[in-house]
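In what follows, a structure is listed as structure tokens, so that the remarks can point back to it.
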2 protein chains.
Amino acid sequence: MANLGCPLKGGAGKRTGSPINIGGLLANLPLFQQLRESEIVNLAAAAREIGLSKGQILFQRGTLLDGFYVVVQGQVKLAFSSPQGHEKVVAIIEPGQSFGEAMMFLEKPCPVFAQALADTHLLYIAKRGIFAAIDHDSAFARRMLAGLSIRLRSLIHDVEDYSLHSSTQRVIGFLLHLAGTPDSGSATLELPTSKHVIASRLNLTPETLSRILHDLSESELIAVKGRHITVLDMARLRQFDDLLPPSHPLCDKSG
Amino acid sequence: MANLGCPLKGGAGKRTGSPINIGGLLANLPLFQQLRESEIVNLAAAAREIGLSKGQILFQRGTLLDGFYVVVQGQVKLAFSSPQGHEKVVAIIEPGQSFGEAMMFLEKPCPVFAQALADTHLLYIAKRGIFAAIDHDSAFARRMLAGLSIRLRSLIHDVEDYSLHSSTQRVIGFLLHLAGTPDSGSATLELPTSKHVIASRLNLTPETLSRILHDLSESELIAVKGRHITVLDMARLRQFDDLLPPSHPLCDKSG
DNA sequence: TCGGAAGTTTGATGTAAGTCAAGGCGCGCA
DNA sequence: TGCGCGCCTTGACTTACATCAAACTTCCGA
């Protein structure tokens, strides 16, 4: 097991104010937790640091990725934009999460663009490092496969959400997700970014999101204070989700 | 390179009328094309044949998959159903294509169910066979990763389609996809299954699909005869796609 | 402390697509 | 040959959500 505190220095001197420990960061990531120290060293050699300031574009749609990215600090959004200037956020990447693996393996133009939502600190890991790790260690290959599978499953979840659930149900799902484990009682949470971005992530307009949060407040299911939201009763909020459709008696074929 | 015509017989005698050559089938699949013959033999040992009749359910949502499936003949749909009895088709799997890999790697309940759209002949390949191949051959692992990446990319495409394109645009995209390569002139195509299923795949109701096809016919962009559709002018149909949004001048911020 | 830009809310209105309900068409089967 | 049953189409109506426009809030920098 790689020593998390090992004093590896990232490649040659990069443009970093603080001399950050690339190996240590890598070893902390879920994907790389079980790598041997020597393998971490190799990966670190294929990695470099990237700093982005808020709003900066990392890559545009159509870019060929020769590696993938890990967020160390900050936040990155993946989105596509329509010719009409509309924008749809596909994912919000938080520290510890990675993105771009699939497009790295595919060697096809990336269908989304990536933009920093805040000042952000990334690691870029070149393809060769990953391929070496795969060749070295089939367990690593399996973990990589599991990683992509998780991504796939969450995309399928999104598709289900968009096609089968109402906008209110999507918002509730999102809130429950943010609130995390507590199955009942109240929970408090903080929206990870602006409501504008979250609305897009949920496939709705800021106006609609605002109205839905308002309605949920009126029903005393949640309390909203800026980005701070309190779920007053997890169980009741979850029910509300199931409760909505019946009000529109659609294909109830019972006779 | 594996001999496509090699006289491998599938494991012990299965419930097959025709004694089908599992090894040969496997060797033909994109995923397994570059495997050595010995590896094909191993995979074949982990595989078995499955026959489904039209309408039969292969597995329900929530099933744990201990392997994945390859369609040899026929057609399988992957879909989820809402509590209200609605159904959303995620994918239509054609001969030569596979499904279930991601959920096999994840070891989590499958979020969709699988149902045969026609009498269908499948191969089931147990996890152990794939894991052995991965351990044996890192190039195979890479191909598996590329395979999942393709799947991921096409799901992202779906998400883009659902969130950014109108229903007419989605239908046009689908038709262009089916029509294939010809960049201009006319092309003829056959819908792969009933309009009901295709509508669901495109996230719209049968009524809406019917109306859209009608409108496209009226505009003399296509001609519809049952499941048989002729795209009269590929280029013009593609344009129509771009042409639609301007008719609804939305966020054009030019002064 | 003020000013102003960005983010958010609220209200009035529009519309794409869904729903409901008949009716037509094609096709297998008697 | 004609009957009956799915599949598809057509029309009238509904609705969830988007759009447009304007006011309000927050927060930061001068």
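Quick note on labels: first sequence line is chain A, next is B, and so on, each numbered from 1. Keep in mind that the numbers below use all heavy atoms, side chains included, and drop hydrogens, waters and symmetry copies.
One interatomic measurement links the two molecules: CG of L202(A) to C1' of dC17(D), which rounds to 14 Å at whole-angstrom precision. For the pair I229(A) CD1 and dT8(C) C1', the computed distance is 13 Å after rounding to whole Å. For D215(B) and dA16(C), the CG to C1' distance is 12 Å, given to the nearest whole Å. Distance R170(A) CZ to dA16(D) C1': 10 Å, rounded to the nearest Å. The separation between Q169(A) atom CD and dC17(D) atom C1' is 14 Å, rounded to whole Å. Computed from coordinates, the K225(B) NZ to dG26(C) C1' distance equals 11 Å when rounded to whole Å. Following rounding to the nearest Å, H86(B) (NE2) and dA17(C) (C1') show an atom-to-atom distance of 13 Å. dT9(C) atom P lies 13 Å from atom CG of L204(A), rounded to whole Å.
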Counting primed atoms, P, OP1 and OP2 as sugar-phosphate and everything else as base, the B/S/- map of nucleotides 8-13 of chain D against protein heavy atoms under 4.0 Å is SSBBB-

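The CD atom of Q97(B) sits 10.0 Å away from the CD atom of Q75(B) when rounded to the nearest 0.5 Å. Note that the NE2 atom of H86(A) and the CG atom of L164(B) stand 8.0 Å from one another [nearest 0.5 Å]. Atom CG of L237(B) is separated from atom CD1 of I172(B) by 5.0 Å, given to the nearest 0.5 angstrom.
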Report the C-alpha separation of E190(A) and K225(A) in whole Å, then their side-chain angles, then the decisive distance to 0.1 Å, and conclude whether the salt bridge (charged side-chain N to carboxylate O under 4.0 Å, His left out) test is met. CA-CA 10 Å; E190(A) 185 118 14; K225(A) 175 125 203 180; over 6 Å; no

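No donor-acceptor contact under 3.5 angstrom links the side chains of S210(A) and E207(A), judged on distance only. Judged by distance alone, the side chains of Q60(A) and T63(A) never bring a donor and an acceptor atom under 3.5 Å apart.
Recorded end-axis angle for the helix from dT1(C)-dA30(D) to dG23(C)-dC8(D) stands at 30°, based on five pairs per end and rounded to 10 degrees.
Within the structure, salt bridge (charged side-chain N to carboxylate O under 4.0 Å, His left out) pairs that include any residue of residues 151-163 of chain B comprise R61(A)-E160(B), E101(B)-R151(B), D158(B)-R201(B) (at least two apart or interchain).
Between R211(A) and E218(A) no salt bridge is recorded (no basic side-chain N to carboxylate O distance below 4.0 Å).
For S167(A), a side-chain nitrogen or oxygen approaches OP1 or OP2 of dC17(D) to under 4.0 Å.
Looking only at distances, no side-chain donor or acceptor of R48(B) sits under 3.5 Å from a matching main-chain atom of Y124(B).
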